[in-house]
Structures are given as C-alpha cells and as structure tokens.
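Quick note on labels: first sequence line is chain A, next is B, and so on, each numbered from 1. For the numbers below, each heavy atom of this structure counts, side chains included, while hydrogens, waters and symmetry mates do not.
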4 protein chains.
Amino acid sequence: MLNRIILIGRLTQDPELRYTPSGTPVAHFTLAVDRPRLNQMGERETDFINIVVWQKLGELCAQYLRKGRLAAVEGRLQIRSYENREGQRVRVAEVVADNVRFLDRAGDREGGPSAPPASGSGWPEEARTRSTGMDDPFEGDATRIDISEDDLPF
Amino acid sequence: MLNRIILIGRLTQDPELRYTPSGTPVAHFTLAVDRPRLNQMGERETDFINIVVWQKLGELCAQYLRKGRLAAVEGRLQIRSYENREGQRVRVAEVVADNVRFLDRAGDREGGPSAPPASGSGWPEEARTRSTGMDDPFEGDATRIDISEDDLPF
Amino acid sequence: MLNRIILIGRLTQDPELRYTPSGTPVAHFTLAVDRPRLNQMGERETDFINIVVWQKLGELCAQYLRKGRLAAVEGRLQIRSYENREGQRVRVAEVVADNVRFLDRAGDREGGPSAPPASGSGWPEEARTRSTGMDDPFEGDATRIDISEDDLPF
Amino acid sequence: MLNRIILIGRLTQDPELRYTPSGTPVAHFTLAVDRPRLNQMGERETDFINIVVWQKLGELCAQYLRKGRLAAVEGRLQIRSYENREGQRVRVAEVVADNVRFLDRAGDREGGPSAPPASGSGWPEEARTRSTGMDDPFEGDATRIDISEDDLPF
DNA sequence: TTTT
DNA sequence: TTTT
C-alpha cells in the first residue's frame, strides 16, 4: 500500500542498458550503500542493492552514470520471484527507481571499454530536468540487448 | 551512505520472536505490500518483504502484531549474503526496522495457537509510546529460539 | 534536488475542496502528527501540517477523508512565500501530496454538513486504485470555491 | 505517528552554531531545494527549508558544511508556533535532522569570515562516522550564542 | 484553529 | 534574505 525507498551510494559498475522486445529501454546497475555503523569486527559493511530504471530516465542513467559515481535513488522495493534452471524458487530484491540524482562528477576515472564518449563532456546535475535536444544520445554507447517481457513493470 | 525505506502493508503470519545466545530479542515477520498498479494481465501484484526488528521494539511487535494486521514499517534495506548447504551464494533482502506503527485494530480474527493472551486487551496505536507496566509480557507467548550471533546488527 | 516526505496522522477537520478558475480540483486539509517523544513537561506534542492534494486524488480525499481519520501522506515539502495585507512577507509550509492512503474506517462519526453522502458506504483502502465509474462524485458534496491561479502546481 | 523527510539541496549560508544555556549545541542552516519542474512562467522554483541539527551532529555540520555545499538531510518536519512582538501567532516550519550527509567537496570557494579553519583539510564523506579525535574542534570557529530552552527538542 |  |  505504500512502498518508498531512498538510497545514496556509489555504482559498482557502469549501468547496463537493454531494451524489451517492444523497444522499452531499461537500465540496470548496483549501488554500494555503506551501513551507518561498523560491525562487531570493526569493519565497515556495505549493502549492494540492484537498481532498475525504465524509460527515458533509464537512458539518462546509462548515459551519465559510471562506475564509482555517487547517486541518489528514489523508488520502490520490489521482490521478484522466479524458478531457476534447477527448479528452485529464487527471490530477487531490486529497487525500481522513479527518480535518480547524479551527485558528483566523479574523479574522471575514465578509460576502459565503458568510458564515457570522448565527445561527451556534460554532467547534468539533475537527470530529470534534461529533456531537450537529444536525438539519439546513446547510439554507439549502450549495448542493445533484448530482455524478457517478464521484466516489464507495466 | 543513506538508506531509508518506509512500507505500509499487512502481516502474512504472526511475528516470530527469537533470542540471540546473549539474550537479545529479535522479531521476524513478512509484510505483504500491494503494488500501486495492476500488471499486464490486470492482476494485482504484491511484494512480500521480510522485516527484522531488534530489541524492545521487536518484543512489542511480537506482542501486538498478528497475521493480517496493517502496519507501517520504517528502516533500512539490508542485503544479507551467505552460502547455503549446497555451497551456493544466497542473497537475502530484509528491512531492519527502527520504527513500527500498528495501524488498525484488525477484525479481531483471534483464535489459534498464536492469538494474543486472553488477558491482553490493549492494542496500542503506537508501539513506541508504550513503555510502562510490562513485567514480562512475552512469557509463555513467544517461542524462545536461539539465533546465530551473525544476525546481530551491532 | 530531492524532496520527499511521508507522514501518518489524523485530519483535524474535513478536507476542503476547491477549484482553480480553469477547473482544476485541489483539496486542503491539516494532518495532526504526534511527535515521537514527550517534551520536557512530559506532554505529548503534535505538529499540525497542511496538506495540498491536486486533481483526482484531491477529489478522492475530499470524498473519503473526514475529520479524525487516519491517513498516510506522501509528497514533497513546499514553502510558499507571499506578502500579506500588511505588506509583511509570510512563509507557509505545506506538503504537496502525490500519494494518500486511507488507513482506518474511523468510528463512523457521521452527521453534520460534511458527512459522506448517505448512499456512499464504500471506504476504499487505497485511493489511487479507485479510478472507475465516477462521473461527478462530489456534486452537492463539496463546496465549489475558486482559488487563485497562483496556487497552481504546474 | 510517522514523520520522515529526506532532502537534498545546497546551503544558502554557512551554518550557525549556538548553544542552549545548558550547553547543548545546535546548528541552523537553510537548504535550497530546487523543485522538480518549472513553473508556468518557465522558471525554476526553489524551496528554502530551515534545518535544525542538535548535539554532535550539529557541531559536525558547523565544522564541515559551508554556503553552497550540497547535503542530504534526513529528519522530521516540525511546525513551531509562537507569538511575535505584535502578538501575532507565527508558525515556523523546520526540519529537525538526525542524519546529514556531505555530498560534495565543493569548489573550495574558501575565503571570508566563515571559511573553514586553515588547518582543517579533511572533508569526511559521512559526518556520522567521524567520531574520534576531536577535543574541541569548534573553539574559535563557531560563534557561541545562547538560545532559549524552548528550542530544546527533548 | 486543530486530531485520537 | 537566499544555493549551483
């Protein structure tokens, strides 16, 4: 009846952008969120939380977020349940985001296969307000992989 | 760095109260939280979210919450990771609650082994404000099962 | 850049439903939200928080919520600033809700000018899922008062 | 019964640190939080939200936060009501924070009377985890102004 | 101005 | 009274 979660953390990898057979974009990434206090051994613990972002906001995440970057994510916690190849019931927790904020410009740790395009310099503070002047900003950047309709949120 | 979730839903079963070897109480229950919209087949979907409540608040949940009751839960999302007997890595999502509100008096669906004690009539609107006049409210009510120290949150 | 608030409390009065000159419905009510702990004098304190709900969700609030009822409100905190007749700058805090849950059926304290229509018995658990079969559910129930365009949220 | 707000925004001024007569530290600052969408005139609007932070967390805010810096604030919305010198009832909204995250290192726009102490170089990512090795970090830095006991949150 |  |  009410389900709201807000996280701030850093991406463990670059976002992965896919498309449903009907062409709906969806981005996946994992956020590393440090726990507020140390555990019994005095170690810092971290929760690695899977994030799913649909539609244009997902494309913006794929375009602007990179491994190591700090982001705020707002959405709802969803428990997806399916059977694996061994017939076991597996439950997957993920946050379906409807709001994502890009919180730093990161240390420009670029390089490697998933670095931002050299021509791309902009790093908008707010993904959502950016809604103009994009023809096909992801061409050549995101990998196009089809995913199952079962992952559709609507 | 920031991790906050707020849920409203109904308990799928009575809470289960256990104690760590050192005597710390911890309650477990599952909250059924309906999704805001119907899926493609026009069905209502529900997320079943595991809740963990430590200390006195956990005891209050065990005392006052029952299957079917409506509750608001506030806390943080934690992903616990462990290896099962087959050596597979299993990830369990659960919400560690630090605030729980009891939101209805429920339809007095009493009866069965885990019904509230006959002498207990009160159903406090707010668990947290209730902090007086309890000697050992759970004696004979809750099952005492030891859990691993690994589950300790501190 | 991110602004999210979630409240649970009781209405101090029935909601007031108005319309902008262009016909947009907007409901106003105040939520009494008890503070989590007593003050220095051992008294319970309460925050009275103004809620604004636009569009169809506002109409549903006007239809189903009444003085004394328990509700969960999710939205964003807005500080409206204007000059009063004495030329003083006044700042008004209000929560613009985009999600409202009706959490009890209340003691059917009906009667008086703003009681629900006698023919209306339903009390939907979730306002948002109710989106069918309403032609003009508030006719004769809500007072039609025009408000300034300045109050428009878009 | 439940009152939770999470904000991300920038400080409009340096925090102001005061002490109650009994020595409790309390920091005040204002967060500028942009609204998610433009208004009818196509202008970006901003809410200026007053934040109050008590105790050690308040001291950390006074030490590390500066005008223009980005912060995440978690707490509860409180409506304080008092009579002004003209005998009018004034209502003040403020967020009492129990968690503050410092989200950027800002462009080291130092200089002026409220710049960080020259000897202080550290900018901890998380205020809360910093709890060691501070004897009196604010001496000579913060202004010591007594405030009324009425502002005490406990 | 205030709710249970 | 306001931040980038």
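Remark: C/E83 engages C/R89 in a salt bridge (charged side-chain N to carboxylate O under 4.0 Å, His left out) (not counting sequence neighbours). Taking the side-chain hydrogen bond (donor to acceptor under 3.5 Å, both in side chains) definition, one finds that D/T12 meets it with nothing, sequence neighbours left out.
Computed from coordinates, the C/L11 CG to E/dT2 C1' distance equals 11 Å when rounded to whole Å. The distance from atom CZ of D/F29 to atom C1' of F/dT1 is 17 Å, rounded to the nearest whole Å. What separates CD of D/E43 from P of F/dT4 is a distance of 19 Å, to the nearest Å. Distance, D/I49 CD1 to F/dT2 C1': 13 Å, rounded to whole Å. Whole-Å rounding puts the C/R35 CZ to E/dT3 P distance at 17 Å. We find that CG of C/L2 is positioned 16 Å from C1' of F/dT4, with the value rounded to whole Å. E/dT1 atom P lies 14 Å from atom OH of D/Y82, rounded to whole Å. To the nearest angstrom, P of F/dT3 lies 15 Å from CG of D/N50.
Once the 5.5 Å centre distance and the 30° plane angle are applied, the aromatic ring of C/F48 is found stacked with the base of E/dT2.
Panel note: side chain C/D47, backbone C/I49; no donor-acceptor pair is recorded below 3.5 Å.
Salt bridge absent: D/R101 and D/E74 never bring a charged side-chain N and a carboxylate O closer than 4.0 Å.
Of the candidates E/dT3, F/dT3, F/dT1, the closest approach to any side-chain atom of C/R89 belongs to F/dT1. The side chain of C/D34 has E/dT4 as its nearest neighbour among F/dT3, F/dT1, E/dT4. In the set F/dT3, E/dT3, F/dT1, F/dT3 carries the atom at the smallest distance from any side-chain atom of D/K67. Each of E/dT1, F/dT3, E/dT4 was ranked by its minimum atom distance to the side chain of C/R10; first place goes to E/dT4.
Side-chain to base pairing of D/R91 with E/dT2: one donor and one acceptor N or O lie within less than 3.5 Å of each other. In the interface, the side chain of C/T30 is not paired with the base of E/dT2 through any donor and acceptor atom under 3.5 Å apart.
Remark: C/K67 NZ to C/R69 CZ distance equals 13.5 Å, nearest 0.5 Å.
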